[in-house]
Asker: 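Here's a structure for you.
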Amino acid sequence: MPRFLLGGLCVFAGVGFLYENLWEGRKKMGRASFAIVWIIFLVNFIWEFFVLQNLPKEIQPMVPGLLVVFVLGVVLSTFEFMFAFMHKAKEPSIRGGDVCCSSAVRSEKHD
C-alpha cells in the first residue's frame, strides 16, 4: 500500500474524530466536560509543536505529549467530578407530621 494512501486515510480518520469531539461534542457534553476536551486538545497542540522542541534532547523521550495530556485529562476530570459531586449533594429536608400527612390506608392493627 502506498504511503500517501495510508497517510490520507489517517488524516481522514483524524479529521472526523476531531470534528466529532471538538465540534459536535458540545451537543452531548456539559460545559465543563467540553472545556476539558478543548483544554486537552490545545495543551497537546502547544506541547507537541512549541514546548517539546525547547526541552533538552535527553528529556524529550521521557515526556511525550500523549503522556502529558493523559495526566492532565485525569486531573481535570477528577476535579470536575469532585465539584459536580459537591454541588449536587443537598441536605435532606426533614418534614414533620404537621406539614406532611400520610394518605396510607392502614388496618386497625396498625393504628
Side-chain angles (χ1 to χ4, degrees):
M1 182 179 283
R3 286 186 181 182
F4 69 89
L5 182 61
L6 186 59
L9 289 173
C10 287
V11 168
F12 179 73
V15 168
F17 181 72
L18 289 174
Y19 177 74
E20 180 181 331
N21 288 306
L22 294 177
W23 184 249
E24 290 185 359
R26 70 192 188 321
K27 299 173 189 172
K28 301 173 189 172
M29 296 183 222
R31 286 186 179 187
S33 298
F34 190 61
I36 288 173
V37 170
W38 269 99
I39 289 169
I40 290 171
F41 172 73
L42 292 174
V43 167
N44 190 26
F45 182 80
I46 292 169
W47 184 267
E48 290 292 334
F49 291 107
F50 300 110
V51 176
L52 194 60
Q53 290 140 4
N54 295 331
L55 293 175
K57 296 287 181 193
E58 302 84 33
I59 297 177
Q60 283 183 1
M62 293 188 282
V63 283
L66 190 58
L67 176 65
V68 171
V69 296
F70 176 77
V71 171
L72 177 69
V74 168
V75 169
L76 290 176
S77 298
T78 302
F79 280 114
E80 178 196 11
F81 174 76
M82 284 184 350
F83 289 128
F85 189 76
M86 286 187 324
H87 291 291
K88 286 190 179 188
K90 296 179 183 175
E91 291 185 27
S93 60
I94 300 173
R95 295 186 279 174
D98 57 336
V99 177
C100 182
C101 298
S102 174
S103 62
V105 178
R106 296 183 178 89
S107 66
E108 295 291 324
K109 179 181 173 183
H110 295 287
D111 280 340

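Only a predicted model underlies this, so the values are computations on that prediction, with no experimental measurement involved.
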Asker: Would Phe41 and Val69 show up in the same hydrophobic cluster when neighbours are defined by side-chain heavy atoms closer than 4.5 Å?
Answerer: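 Different hydrophobic clusters.
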
Asker: What's the separation between atom CH2 in Trp47 and atom CG in Leu55, rounded to the nearest 0.5 Å?
Answerer: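 Here the interatomic distance stands at 5.0 Å.
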
Asker: Closest heavy-atom contact between Gln53 and Glu48?
Answerer: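 Looking at all heavy atoms of both residues, the shortest contact is NE2-O, 3.8 Å.
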
Asker: Going only through I, L, V, M, F, W and Y residues with side-chain contacts under 4.5 Å, is there a path from Leu52 to Val68?
Answerer: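 Yes, because Leu52 and Val68 connect within a single hydrophobic cluster, where side-chain heavy atoms sit under 4.5 Å apart.
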
Asker: Kindly determine whether Leu67 and Val63 satisfy side-chain contact (heavy atoms from CB on, under 4.5 Å), including the steps that lead there.
Answerer: CA-CA 7 Å; Leu67 176 65; Val63 283; 5.6 Å; no

Asker: Take atom CG of Leu5 as the centre, draw a 6.0 Å sphere, and report whether it contains more than 12 heavy atoms from other residues, nucleotides or ligands.
Answerer: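 Count over threshold, so yes.
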
Asker: When rounded to the nearest 0.5 angstrom, what distance separates CZ in Phe79 from CE in Met82?
Answerer: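 Answer rounded to 0.5 Å: 5.0 Å.
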
Asker: Under the side-chain hydrogen bond (donor to acceptor under 3.5 Å, both in side chains) test, which residues partner Glu80, sequence neighbours left out?
Answerer: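 With sequence neighbours excluded, Glu80 shows a side-chain hydrogen bond (donor to acceptor under 3.5 Å, both in side chains) to Ser33, given in chain and number order.
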
Asker: Applying the 4.5 Å side-chain criterion to the ILVMFWY set and letting contacts propagate, would Ile36 and Val43 be lumped into a single cluster?
Answerer: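 Both belong to a single hydrophobic cluster.
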
Asker: Please report the interatomic distance CH2(Trp23) to CZ(Phe34), rounded to the nearest 0.5 Å.
Answerer: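 Nearest 0.5 Å value for the CH2-CZ distance: 7.0 Å.
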
Asker: How many angstroms lie between NZ in Lys28 and CZ in Arg26, if you round to the nearest 0.5 Å?
Answerer: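 Those atoms lie 11.0 Å apart.
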
Asker: Would you say Trp38's side chain and Leu22's backbone share a donor-acceptor pair under 3.5 angstrom?
Answerer: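 Indeed, once roles are kept as given, a pair shorter than 3.5 Å links the two residues.
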
Asker: Does anything in residues 48-68 pair up under ring pair (Phe, Tyr, Trp, His ring centres under 6.0 Å), and if so which pairs, sequence neighbours excluded?
Answerer: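 Only Phe45-Phe49 qualify under ring pair (Phe, Tyr, Trp, His ring centres under 6.0 Å).
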
Asker: Is there a continuous path of hydrophobic side-chain contacts, each under 4.5 Å between heavy atoms, that joins Leu42 to Leu76?
Answerer: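 No, it is not one cluster - the side chains of Leu42 and Leu76 are not joined through contacts under 4.5 Å.
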
Asker: Is Val51 reachable from Ile59 through a run of I, L, V, M, F, W or Y residues, each pair having side-chain heavy atoms under 4.5 Å apart?
Answerer: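 Ile59 clusters together with Val51.
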
